[in-house]
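Atoms within each ligand, like the ligands themselves, are counted from 1 in listed order. Keep in mind that this is a model prediction, so the values were computed, not measured.
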Amino acid sequence: MIGRRQLVAGAALGGGMIVAGVTLPGLFDESRTAVSGGTGDRKPLNIPPLLPGVQAGGARQFSLRLQKGVSEFIERRTTPTIGINSAYLGPTLEMHAGERVRMSVVNALDEPATLHWHGFNLPAAADGGPHQPIAPGETWSPSFEIRERGAMFWYHSHMHRRAGPQVYHGLAGAIYVRDRESERLALPGEYGVDDVPLILQDRSFGSAGELIYSPSMMNRMMGVTGDTLLVNGGIGRTFDAGSDRLRLRLLNGSNARFYRLSFSDGRSFHLIGTDGGLLAAALRTDHVILAPAERAQIIVDLQDGLAVKLLAADARRTMMRGGMMARGADRGERFVALDIRPGEARRRWGPLPRRLVDLAPPDASKAVRKRRFVLDMPMGMMRGGGFTINGRSMDMQRIDEAVTVGTDEIWEIENASMMAHPFHVHNVQFRVLDRDGRPASAAELGLKDVVVVRPRERVRILVRFEEYTDRDLPYMYHCHILEHEDAGMMGQFVVRA
Ligand code: C2O
Ligand code: CU
Ligand code: CU
């Protein structure tokens with residue numbers, strides 16, 4: 001007779017990563033069971049190779065190639081994909097605060113593409129947005145200085161109207177920026193061992209194994225979601241932890257899905273960092289919510305030696321405020337993102353440092369200007385119109401805002417639509433001030449480059465574009481649901497002297 005647990009395990013192995021939490025109440029008790037044999041065919045988590053680049057001509061040089069490939073996500077099924085130096089996704093670029101990097105990006109695809117360095121303060125010409133397309137066969141070689149703090153950033157396609165499909169098929173990767181202040185902390189920091197990037201992406205597969213990216217009206221409205229969760233390009237993977245404390249760097253690399261991340265036994269953990277850096281102090285919690293493009297660094301304690309699963313539940317419902325769409329959008333999906341198994345001999349860590357880095361609370365008193373951005377999904381969209389910010393859809397020929405370099409501004413983002421939008425601003429790590437007048441929560445007090453704006457909500461952020469001016473070349477601000485970005489929920493700003 002096949003026991004319930006075996007059935008469940010079998011389902012997980014077969015690629016059925018979706019777990020209807022309501023119908024399988026016993027499922028997660030499994031995490032309390034000691035790990036024993038019989039798990040030989042569980043595949044280990046993919047760790048993207050760490051690429052330190054090479055020193056040349058006073059810069060750290062990275063050679064990247066956008067290429068086509070074939071991946072095997074599902075056994076004996078081949079999936080055409082695209083990636084960077086690889087069939088799907090790209091290496092983790094490792095760089096250091098204060099140094100200069102130079103990228104050499106060769107486009108070996110048969111369509112134009114871009115690579116955008118998400119989260120960085122850099123010259124507009126190096127940004128890799130829609131104004132820096134790389135034609136097939138061409139090479140793009142931007143160079144910039146790393147002004148960021150230690151954190152995980154990422155890079156991805158930002159091709160005009162094609163970011164959705166290009167990222168979906170694999171054009172993305174992680175970036176580790178290291179700085180002295182965060183490196184000297186007593187935190188797990190061995191890449192792939194106790195400091196692990198997890199790129200979460202939901203995907204759908206056709207019967208031949210092909211990725212399904214459908215431009216249906218529903219998908220254009222809600223964004224493209226999939227029924228299978230990939231973590232670092234793998235399905236249903238296991239991680240053998242060699243340390244009693246694990247640092248996970250979570251990146252929601254999905255096109256549109258929001259995740260609520262927690263552990264199968266409900267254990268609490270520490271949030272230590274947000275998009276662009278570490279928090280001033282670790283924050284104890286039992287879940288984090290990540291919208292597309294958001295990152296979080298967490299520390300999980302494995303001292304009890306018990307196996308535990310990282311769960312990723314669909315969180316769009318928590319991002320809605322009632323209404324038809326709320327019900328339509330939440331299918332109650334819950335994925336097992338990662339099976340974590342503490343190894344026998346684990347490196348021991350002392351107590352978590354109480355203070356992490358210097359980060360003063362945001363201070364809006366020097367703001368010289370206020371701007372307002374209203375996000376909307378007008379129904380004209382159905383007839384081929386676009387999504388809008390301040391009533392206008394993205395137009396590459398139109399500069400929407402001109403900001404003065406080195407000045408503080410308050411940006412007020414208002415969501416006039418019925419679904420949540422993760423609002424992203426290029427060229428800056430900003431601070432969240434308040435939501436509908438209520439001060440930002442502790443978890444949002446870190447450095448951010450994406451902020452969720454719920455329906456009918458008004459969020460104020462403090463922005464300051466520290467360096468670099470260009471009168472002509474703009475940066476973007478946009479919704480990071482890639483289908484919304486592609487449909488025009490994006491605007492352009494220049495930073496002038
Ligand atoms: Cu992550 Cu404008 O992009
Ligand atoms: Cu960006
Ligand atoms: Cu949106």
Side-chain angles (χ1 to χ4, degrees), residues 113-122 124 126-133 142 144 148 151-164 166-168 171-175 199 201 219-225 251-258 275-276 290-295 316 319-320 325 329 373-378 381 386-389 393-394 396 413-430 447-457 459 463 465 474-493:
T114 82
L115 272 194
H116 164 59
W117 323 106
H118 176 121
F120 289 87
N121 176 212
L122 37 57
D127 191 41
H131 292 271
Q132 288 88 42
F144 54 98
E148 310 314 316
M152 184 172 75
F153 297 80
W154 66 306
Y155 58 104
H156 61 78
S157 161
H158 216 301
M159 190 63 207
H160 189 49
R161 303 199 168 182
R162 293 277 300 156
Q166 290 190 347
V167 171
Y168 191 88
L171 280 195
I175 299 178
I199 305 174
Q201 299 175 305
N219 279 345
R220 280 159 57 208
M221 288 292 290
M222 307 299 292
V224 170
T225 53
L251 158 63
N252 183 350
S254 304
N255 282 33
R257 194 185 283 275
F258 292 58
D275 300 338
L290 289 186
E294 282 190 302
R295 286 93 69 206
R316 202 176 272 178
M319 294 295 156
M320 304 266 180
M325 280 194 172
F373 300 88
V374 181
L375 314 180
D376 206 0
M377 304 167 69
M381 161 72 188
F387 292 154
T388 59
I389 298 180
S393 276
M394 164 76 168
M396 284 185 60
I413 308 125
E414 191 183 323
N415 183 351
S417 77
M418 289 299 290
M419 67 183 281
H421 301 284
F423 187 77
H424 169 51
V425 187
H426 285 210
N427 194 37
V428 70
Q429 289 297 321
F430 57 73
L447 297 171
K448 297 284 296 164
D449 52 52
V450 177
V451 65
V452 173
V453 189
R454 297 180 182 83
R456 308 290 160 192
E457 197 175 41
V459 176
V463 302
F465 303 97
Y475 302 93
M476 310 293 130
Y477 50 83
H478 59 91
C479 173
H480 220 291
I481 290 177
L482 298 179
E483 289 68 35
H484 292 181
E485 172 188 329
D486 285 346
M489 196 180 278
M490 177 151 67
Q492 310 196 96
F493 68 99

Worksheet entry | His421, N/O/S atom nearest the Cu ion (ligand 3) | ND1

Fill in: Nearest-0.5 Å distance that lies between atom NE2 in His160 and atom CE in Met490
6.5 Å

Item to complete: Taking both backbone and side-chain atoms into account, decide whether His158 has an N/O/S atom under 2.8 Å from atom 1 (Cu) of ligand 1.
Response: no

Fill in: 2.8 Å cut-off met by an N, O or S atom of His480 to atom 1 (Cu) of ligand 1
yes

Item to complete: State whether the side chain of Glu148 and the backbone N or O of Asn121 hold a donor-acceptor pair below 3.5 Å, judged by distance alone.
Response: yes

Discussion item. Quick check: do Trp154 and Asp275 have side-chain heavy atoms less than 4.5 Å from each other?
Written reply: no

Practice prompt. Among the N/O/S atoms of His118, select the one at the shortest distance from atom 1 (Cu) of ligand 1 and name it.
Written response: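 Result: ND1.
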
Fill in: Note: Asp449-Arg295 ion pair, threshold 4.0 Å (strictly below)
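Looking at Asp449 and Arg295, the cut-off is met.
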
Worksheet item: Of the backbone and side-chain N, O or S atoms of His484, does one lie nearer to the Cu ion (ligand 3) than 2.8 Å?
Response: yes

Worksheet item: Any luck finding a side-chain donor-acceptor pair between His158 and Glu485 under 3.5 Å?
Response: yes

